[in-house]
Amino acid sequence: MGIKGILRWLLRLGLPRQNRLSQQQRLLIHNPCLKRLQSELMALMMSGESGISAFPEGDNIFYWKGTITGSKDTVFEGTEYRLSLSFPNDYPFKPPKSQV
């Protein structure tokens, strides 16, 4: 039984409304963007890249907070840039929005 079958089965059980998956949660289960973001997060965490970090904000993998620190021996040394990234549901076909 696939995810769709399980969801239909849960809905047929007549569970109280608060225990059912919301439409947004059901869309996330089937969203290929979710797997892509999880993969990119894991790659970023495993890379050991110094000066770059980004993590989802709370439980929402579509909103990330990140920092970029200036490289040594450059005019940017000692600076830290904080940014917010908002990924669309059709990422990577559309770019994330960023705010510094």
OG of Ser53 to CE of Met45, rounded to nearest 0.5 Å, is 11.5 Å

What I want to check is whether the side chains of Ser86 and Lys97 have a donor and an acceptor closer together than 3.5 Å.
no

Quick one: are the ring centres of Phe55 and Trp64 less than 6.0 Å apart?
no

Does the side chain of Thr69 come within less than 4.5 Å of Phe76's, by heavy atoms?
no

Hey, does Pro56 have a side-chain heavy atom less than 4.5 Å from the side chain of Leu41?
yes

Please test Glu80 against Ile68 for side-chain contact (heavy atoms from CB on, under 4.5 Å), starting from the C-alpha separation and ending with a verdict.
CA-CA 6 Å; Glu80 182 176 271; Ile68 300 173; over 6 Å; no

Over all atoms of both residues, closest heavy-atom pair of Pro96 and Pro88
CA-CD, 3.9 Å

Please tell me if the side chains of Pro95 and Phe87 come closer than 4.5 Å, counting only heavy atoms from C-beta onward.
no

Starting at CD of Glu77, measure out to NZ of Lys72 and round the result to the nearest 0.5 Å.
7.0 Å

Min side-chain heavy-atom separation Val100-Arg82 under 4.5 Å:
no

When rounded to the nearest 0.5 Å, the distance separating CG of Leu85 from CD of Glu57 is 11.0 Å

Quick check: do Ile52 and Leu44 have side-chain heavy atoms less than 4.5 Å from each other?
yes

Run the side-chain contact (heavy atoms from CB on, under 4.5 Å) test on Tyr91 and Leu37 for me, step by step, so that the C-alpha distance in whole Å, both residues' side-chain angles and the decisive distance to 0.1 Å come before the verdict.
CA-CA 8 Å; Tyr91 175 81; Leu37 287 172; 3.8 Å; yes

Do Cys33 and Phe62 pass the side-chain contact (heavy atoms from CB on, under 4.5 Å) test, and can you show the C-alpha distance, the side-chain angles, and the key distance before you say yes or no?
CA-CA 9 Å; Cys33 170; Phe62 290 96; 3.4 Å; yes

